[in-house]
Amino acid sequence: MKNYEPKQIEKKWQDFWEKNKIYKTNEEPGRPKYYCLDMFPYPSGVGLHVGHFKGYVATDILARMKRMQGYNVLHPMGWDAFGLPAENYAIKTGIHPAITTAKNISNIKIQMETTGLSYDWDREINSTDPAYYKWTQWIFLKLYENGLAYKKLLPINWCPSCKTGLANEEVVEGDCERCGTPTTKKEINQWVLKITDYADRLLMDLDSLDWPDKIKEMQKNWIGRSEGWELVFPLKNEDEKISVFTTRTDTLFGCTYVVLAPEHPLLLSLANKITNYDEVLDYINKAKNKSDRERISEVKDKSGVEVKGITAINPINNQEVKIFVADYVLGHYGTGAVMAVPAHDIRDFDFAKKYALPIIYVIKLKQGESKENEAFTEDGIVFNSNGFDGLSSEEAREKIGQELKKQKLAEKKINYKLRDWVFSRQRYWGEPIPIIHCEKCGMVALEEKDLPLELPQVEKYEPTGTGESPLAAITEWVNVKCPKCGGPAKRETNTMPQWAGSCWYYLRFLDPRNEKELADKNKEKKWMPVDLYVGGAEHAVLHLLYSRFWHKFLFDIGAISTIEPFQKLRNVGLILAPDGQKMSKSKGNTVSPNEIIEEFGADTLRVYEMFMGPFDQAIAWNPQGVKGVFRFLNKTWDLILSLKGNKESSQQIISETNKLVKKVGEDLEKMKFNTCVAFFMEYINLVSERKNEWGIIEIEKMLKIFAPFAPHFCEELWSELDNKNSIALESWPEADSAAIIQENIILVAQVNGKVRDKIEVAMDIDKESALELAQRSEKIKTWLNGKEIKEVIFVPNRIINILTD
RNA sequence: GCCGAGGUGGCGGAACUGGCAGACGCGUAUGCCUUAGGAGCAUAUGUCGCAAGGCGUGAGGGUUCAAAUCCCUCCCUCGGCACCA
């Protein structure tokens with residue numbers, strides 16, 4: 001008998017699949033569609049580790065199952081290949097990023113093929129291919145045409161190590177998301193995308209998506225919608241006014257001062273009225289130079305300076321209040337000014353304590369006294385507030401707001417935390433922005449016919465660090481004639497961020513070679529939205545937010561017909577290193593799929609990754625566990641080959657097989673791969689004890705549903721059983737519930753809620769008969785011991801519980 | 001501080017809608033086979049107890065005939081956000 005030798009069979013089947021185009025996706029209008037997508041990887045030089053494959057194997061299993069179930073399945077793969085590692089490597093070695101990228105891609109593609117992933121490689125795309133990024137640039141031009149891309153001088157997050165500006169989303173606790181270097185502020189002219197125009201829709205449409213709550217919540221918090229009022233505080237003896245945004249108009253009588261952000265324009269326009277202007281200016285400058293790090297560390301200790309010479313007037317009671325400048329108020333949120341109510345806001349309370357400012361309580365608990373000596377931030381009952389005393393916070397918010405609105409001093413307002421997306425990078429390896437700056441005409445967009453605007457060859461990839469990209473040094477590329485007036489002009493030298501290409505790639509898979517459109521409209525209509533999208537949770541407010549924004553924009557301009565790209569999203573949990581730490585090249589604890597495939601084969605790798613534990617959980621790699629799966633495959637292999645001649649199955653086995661089909665089908669839909677593998681193991685344990693009852697039909701059924709997990713293994717056994725076609729082309733077996741027989745079941749017998757015996761009874765036995773049988777049990781008898789039965793609880797086919805005194 | 005997820009054997013984890021806690025796998029022990037075993041096979045394996053039986057799902061309380069599962073109070077771990085008025 002033949003031994004299970006994965007090395008000898010896996011290559012054979014991979015070649016067979018490729019040669020026969022088994023996994024090519026054709027447009028098959030008669031079938032329901034299923035678009036099953038992995039987040040496409042960055043082609044890193046060290047290849048992918050086993051963790052990357054967990055998600056790929058999962059989607060592969062589902063794609064294979066759906067194909068067998070008759071779906072027209074789209075399961076593509078591509079490369080998100082712009083990015084810093086290739087560029088940094090180029091800086092070190094002088095080798096063009098395109099060359100290293102191509103090499104990395106071919107390595108990783110081999111890794112994917114040897115793992116038996118059933119991608120349709122005819123649709124492979126690469127975000128750095130000019131034929132692809134032509135359309136990334138095209139979308140940029142459309143954003144520009146529609147006023148959603150603009151250039152602005154603004155202080156942005158700057159990574160001194162990567163020497164480029166970053167988006168808000170790319171800064172984690174003040175540090176660069178990529179390299180961990182603390183960021184600084186830098187004022188440079190930046191391309192910005194108006195994602196804030198879509199804030200409301202990005203928020204609302206989350207409800208319609210089947211996404212993990214965690215990701216939805218993160219996006220909600222990131223967008224940060226808050227409803228409130230914008231109130232006007234007139235200035236004493238001045239025409240100017242201060243507008244503030246607040247969600248707590250109910251606390252307005254408790255406002256004892258007003259705070260301006262250091263960036264507030266009033267501080268400049270009223271400079272000559274401010275009597276301590278030197279002091280104020282000094283504070284503003286200090287605040288400007290603070291890094292995010294410093295700001296974060298100063299949260300506890302708030303600083304500020306009184307702005308003397310001007311006074312604000314609380315519009316609700318005409319009280320004069322002092323004005324401060326303090327950097328705990330953010331210039332970019334709301335109006336850049338707040339009304340301070342120390343009694344009912346922790347930040348204002350801290351500030352007021354430090355500078356000995358008055359604290360007036362105006363909200364109290366429904367019962368009992370108002371709190372003193374701390375900020376009471378909850379809703380309650382209003383007091384100390386003239387005509388509004390006794391109202392609830394909620395009522396008072398509305399009434400006070402409306403009262404001021406009559407005097408044109410208030411207006412309802414919604415604010416968002418979300419900020420516009422800083423879109424330009426001062427680096428080489430990214431999509432060039434297709435804009436020309438003309439001395440006469442200003443900014444001129446390239447025309448569609450001039451796309452793609454290809455990246456030029458450069459000699460040095462080093463970023464300049466001055467806020468200019470290395471492209472700026474290539475004069476022959478930079479200096480052009482203005483397309484409008486023909487005069488001297490210069491190309492934009494910033495490039496797009498890493499996220500640009502991934503914002504829309506899922507659309508390109510539908511129609512990857514289309515030269516006229518980003519994707520054919522009918523194909524888009526057919527395939528979108530993505531039915532299942534799988535990737536890591538780390539993209540929650542980056543890629544997943546950006547691509548929703550672009551998708552909605554593309555919908556608005558009529559390029560596509562759907563309003564959301566990814567209907568169902570699932571996060572794959574990390575595979576940690578055997579030491580329980582995150583796998584990383586620098587720690588030297590990575591596990592490569594290559595070594596596992598070499599020793600045990602791809603099918604062991606696949607089944608093990610699915611068996612490790614719940615799909616979305618982080619679990620450490622366990623080399624012993626891999627061996628366990630390999631043992632299971634060997635055992636199954638030997639068993640099936642030894643039974644080649646078995647014809648008939650027993651009723652019991654037929655029943656068990658149908659149960660298996662049912663359970664595996666159900667749990668695959670729920671993506672509970674670990675329990676699916678356990679079911680297979682249980683099944684094999686069972687049939688190996690009753691080998692002679694396991695016939696050909698049931699063996700083949702089992703192989704078919706196991707094939708998505710271990711495709712090479714099942715193909716080989718399938719052909720050993722004298723089948724000529726690929727098992728991948730078989731149809732998925734249906735669970736026959738009529739065949740699931742269970743004449744006798746085990747009923748748990750309890751006395752007073754404790755398990756005392758298990759009795760074998762007929763399926764669907766009634767309460768009386770069950771009780772009679774239970775009372776015959778010796779064990780039950782001892783426990784009843786002549787006591788009077790008070791009540792009997794009976795759950796059909798589960799439990800009988802006899803209660804006595 | 002706020003938001004989200006979670007806490008079950010030595011380990012990864014099972015457990016439908018409240019109904020046998022610990023499926024499946026790893027590890028461990030003993031035995032068999034073997035020149036050999038980091039191979040294979042068999043048996044055992046939550047815990048205390050010779051046993052009968054008792055105790056057990058982060059802690060404490062509650063509801064119920066019955067709670068890992070529902071309710072209340074608290075503790076801890078992980079992930080995210082963080083002066084957003």
Side-chain angles (χ1 to χ4, degrees), chain A residues 172-174 212-226 228-229 244-248 251 259 261 292 295-296 298-300 302 326-330 332-341 344-348 350-351 377 415-419 537-538 540-541 571 573-574 580 607-608 611-614 616-629 631-632 634-635 638 663 666 672 674-685 746-758 782 790-804:
Chain A
V172 181
E173 288 183 24
D213 288 341
K214 178 186 165 183
I215 305 290
K216 285 196 190 184
E217 234 15 75
M218 279 167 74
Q219 291 210 351
K220 267 183 204 163
N221 294 339
W222 193 259
I223 294 166
R225 179 187 152 105
S226 103
W229 290 80
V244 303
F245 173 73
T246 181
T247 56
R248 295 297 304 272
T251 65
V259 191
D292 275 8
R295 277 184 82 125
I296 291 165
E298 282 169 16
V299 168
K300 285 259 144 62
K302 300 194 170 18
D327 66 1
Y328 80 89
V329 173
L330 305 172
H332 56 76
Y333 183 77
T335 61
V338 302
M339 62 181 225
V341 184
H344 303 292
D345 181 282
I346 295 163
R347 297 151 298 180
D348 297 341
D350 291 347
F351 192 80
T377 57
N415 266 315
Y416 298 92
K417 284 195 218 173
L418 184 70
R419 285 198 261 165
E538 67 274 15
V541 292
N571 292 128
L574 286 179
V607 175
Y608 172 65
F611 184 56
M612 290 177 81
D616 58 358
Q617 225 162 86
I619 300 168
W621 185 264
N622 176 3
Q624 293 302 326
V626 179
K627 285 189 191 166
V629 167
R631 273 202 279 269
F632 163 66
N634 271 295
K635 182 176 166 183
D638 292 345
K663 289 200 286 185
E666 283 169 0
K672 292 172 70 176
N674 56 329
T675 52
C676 288
V677 176
F679 295 152
F680 283 115
M681 289 171 167
E682 271 179 284
Y683 180 80
I684 291 300
N685 288 344
I746 303 294
L747 189 73
V748 173
Q750 297 183 332
V751 176
N752 292 325
K754 297 219 179 233
V755 180
R756 296 307 180 190
D757 201 4
K758 291 163 192 181
T782 20
K790 277 180 79 180
E791 204 186 335
V792 175
I793 286 138
F794 178 69
V795 182
N797 300 327
R798 288 250 157 93
I799 208 161
I800 183 163
N801 187 5
I802 303 167
L803 306 180
T804 67

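In what follows, chains carry the letters A, B, and so on, assigned in the order in which the sequence lines appear, proteins first and then strands, with residues in each chain numbered from 1.
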- The side chain to side chain contact (heavy atoms under 4.5 Å, CB included) partners of Thr782(A) (sequence neighbours excluded) come to none

- When the distance from CD1 of Ile223(A) to C1' of G80(B) is rounded to whole Å, what number comes out? 15 Å

- Taking only residues two or more places apart in sequence or in another chain, which ones pass side chain to side chain contact (heavy atoms under 4.5 Å, CB included) with Glu217(A)? Lys220(A), Asn221(A)

- Message: Measure NE2/His344(A) against P/C83(B) and give the value in whole Å, please.
- Response: 23 Å

- Note on the structure: Here the distance between atom P of C24(B) and atom CZ of Phe679(A), to the nearest Å, is 12 Å

- Look at the side-chain N and O atoms of Tyr333(A) and state whether any lies under 4.0 Å from the OP1 or OP2 oxygen of A85(B). yes

- Task: Return the nearest nucleotide to the side chain of Tyr328(A); candidates are G25(B), A82(B), C83(B).
- Result: C83(B)

- Task: In whole angstrom, give the distance that lies between atom CZ of Arg225(A) and atom C1' of A85(B).
- Result: 17 Å

Restricting to nitrogen or oxygen on both sides, can you table the protein-nucleotides 27-33 of chain B pairs closer than 3.5 Å?
from: G27(B); atom 1: OP1; to: Gln624(A); atom 2: OE1; distance (Å): 2.4
from: G27(B); atom 1: OP2; to: Arg631(A); atom 2: NH2; distance (Å): 3.3

- Query: If we take the C1' atom in both C74(B) and U17(B), what is their distance in whole Å?
  - Reply: 29 Å

- Task: For Val677(A), answer base if it contacts any base atom (sugar-phosphate contacts may also be present), sugar-phosphate if it contacts only those atoms, and nothing otherwise; contact means non-hydrogen atoms under 4.0 Å.
- Result: nothing

- Go along nucleotides 1-22 of chain B 5' to 3' and tag each nucleotide: B for a protein heavy atom under 4.0 Å from its base, S when only backbone or sugar atoms are that close, - otherwise. --SS-------BSSSB--BB--

- Query: Roughly how many Å is it from CD in Glu538(A) to C1' in C78(B), rounded to a whole number?
  - Reply: 16 Å

- Query: Quick one: Leu330(A) CG to A82(B) P, roughly how many Å, whole number?
  - Reply: 11 Å

- In terms of heavy-atom contacts, Ala326(A) and Phe351(A) come closest through CB-CE1, 3.9 Å

- Message: Ignoring hydrogens, what is the shortest heavy-atom contact between Gln219(A) and Ala540(A)? Give both atom names and the distance.
- Response: NE2-O, 2.8 Å

- Message: Measure CG/Asp616(A) against C1'/C78(B) and give the value in whole Å, please.
- Response: 13 Å

- Task: State the syn/anti category of G53(B) according to its glycosidic angle, syn meaning within 90° of 0.
- Result: anti

- Results of side chain to side chain contact (heavy atoms under 4.5 Å, CB included) for Val338(A) - residues two or more places apart only: Val259(A), Val329(A)

- Query: Where is the tightest heavy-atom contact between Ser226(A) and Thr247(A), given as atom of each residue plus distance?
  - Reply: OG-CG2, 3.8 Å

- Item | Tyr683(A) OH - G25(B) P separation (whole Å) | 16 Å

- Task: Give Glu682(A) one of three labels, base, sugar-phosphate or nothing, depending on what nucleic acid heavy atoms sit under 4.0 Å from its own.
- Result: sugar-phosphate

- Task: Rounded to whole angstrom, note down the P distance from G18(B) over to G13(B).
- Result: 24 Å

- Task: For nucleotides A66(B) and C20(B), find the distance between their C1' atoms and express it as a whole number of Å.
- Result: 12 Å

- Query: So, Tyr608(A) and Asn622(A): side-chain donor and acceptor under 3.5 Å apart, yes or no?
  - Reply: no

- Query: Among all residues two or more places apart in sequence or in another chain, which pass the side chain to side chain contact (heavy atoms under 4.5 Å, CB included) test with Arg419(A)?
  - Reply: Asn168(A), His332(A)

- Message: Over all strands shown, is Asn685(A) touching base, sugar-phosphate only, or nothing at heavy-atom distances under 4.0 angstrom?
- Response: sugar-phosphate

- Task: Can you tell me the pairing partner of U69(B) across any strand shown, Watson-Crick or G-U wobble, with both distances under 3.5 angstrom?
- Result: none

- Query: So what does Arg756(A) touch, heavy atoms closer than 4.0 Å: a base, only the sugar-phosphate, or nothing?
  - Reply: sugar-phosphate

- Sugar-phosphate, base or nothing in reach of Gly628(A), heavy atoms under 4.0 Å: sugar-phosphate

- Note on the structure: On a heavy-atom basis, the closest approach of Asn797(A) and Leu747(A) is C-CD1, 3.9 Å

- Query: Of the non-hydrogen atoms in Val244(A) and Thr335(A), which two are nearest, and what is the gap between them?
  - Reply: CA-OG1, 3.4 Å

